[in-house]
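First up is the structure itself, then whatever we jot down about it.
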Amino acid sequence: QVQLVESGGGLVQAGGSLRLSCAASGRTFSRYAMGWFRQAPGKERELVAAISRSGNSTYYADSVKGRFTISRDNAKNTMYLQMYDLKPEDTAVYYCAADSTPHLGNFIVLITTRYDYWGQGTQVTVSS
């Protein structure tokens, strides 16, 4: 079992920056491939970025590539999403998620249904 708690969301103007954090409970954080998702009103939840257990492999959705950076600190049981040059279309609830399957260290998980632990979400609102 792992509990995930997101923080760092808020209201920001277009072009601004935010850093989201995802704190995980327990001592097995380094075993989990992780991801950041977002869900805007009336839209499906989408994968924004994913990171392997080791942190050496990452994935970004095309819509955020070059603007967002995913990272993790296994010693602190925390994952981050640094967001730059935010746009109104980035407005959504952002969720962190963990896949507890024991993947190889550099494996990233791109399928939403593979993630079995989710945080409660943090709201990001970008004003124009």
Determine, step by step, whether Phe37 and Trp118 satisfy the ring pair (Phe, Tyr, Trp, His ring centres under 6.0 Å) criterion, reporting the C-alpha distance in whole Å, the side-chain angles of both residues, the deciding distance to 0.1 Å, and the verdict. CA-CA 10 Å; Phe37 292 76; Trp118 294 83; 4.7 Å; yes

Check this for me, if you would: do Lys65 and Asp62 make a salt bridge, where the nitrogen-to-carboxylate-oxygen distance has to be below 4.0 angstrom? yes

Determine, using the 4.5 Å side-chain heavy-atom cutoff (strictly less than), whether Val12 and Tyr84 are members of one ILVMFWY cluster. no

Here the gap from Thr78 atom OG1 to Leu4 atom CG, rounded to the nearest 0.5 Å, amounts to 10.5 Å

In this structure, CZ of Arg72 is separated from OG of Ser21 (nearest 0.5 Å) by 13.5 Å

Is it the case that one hydrophobic cluster holds both Val109 and Ile51, taking links as side-chain heavy atoms less than 4.5 Å apart, direct or via other members? no

Inspect the surroundings of CD in Gln123 and state if more than 12 heavy atoms from other residues, nucleotides or ligands are less than 6.0 Å away. yes

Rounded to the nearest 0.5 angstrom, the CG-OG distance for Asp85 and Ser17 is 8.0 Å

Hydrophobic clusters here meaning ILVMFWY residues chained together by side-chain heavy-atom distances under 4.5 Å, can you tell me if Phe29 and Ile108 are in one? no

Where is the tightest heavy-atom contact between Leu86 and Arg67, given as atom of each residue plus distance? CA-NH1, 3.9 Å

Check: Leu47 and Tyr59 side chains under 4.5 Å, non-hydrogen atoms: yes

Option passing side-chain contact (heavy atoms from CB on, under 4.5 Å) with Arg38 (candidates Thr91, Val64, Val93): Val64

To the nearest 0.5 Å, how far apart are OH in Tyr117 and OG in Ser25? 9.5 Å

Heavy-atom nearest pair, Asp116 first then Ser100, reads OD2-OG, 2.5 Å

Measure the spacing between OG1 of Thr122 and CG of Leu81 and express it to the nearest 0.5 Å. 11.0 Å

Between Ala14 and Ser128, the two heavy atoms sitting closest are CB-CA, 4.3 Å

Mind listing the closest non-hydrogen atom pair of Tyr115 and Ala33 along with its distance? CE2-O, 4.0 Å

Tell me whether the count of non-hydrogen atoms from other residues, nucleotides or ligands lying under 6.0 Å of CZ in Arg31 goes above 12. no

Side chain of Thr125, backbone of Leu11: donor and acceptor closer than 3.5 Å? no

Do you reckon Tyr60 sits in the same ILVMFWY cluster as Met83, going by side-chain contacts under 4.5 Å, direct or chained? yes

Over all atoms of both residues, closest heavy-atom pair of Met34 and Ala98: SD-CB, 3.4 Å

So OH of Tyr95 and CD of Gln39: to nearest 0.5 Å the spacing works out to 5.5 Å

Consider only side-chain heavy atoms of I, L, V, M, F, W and Y, link residues closer than 4.5 Å, and tell whether Val2 and Met79 are in one cluster. yes

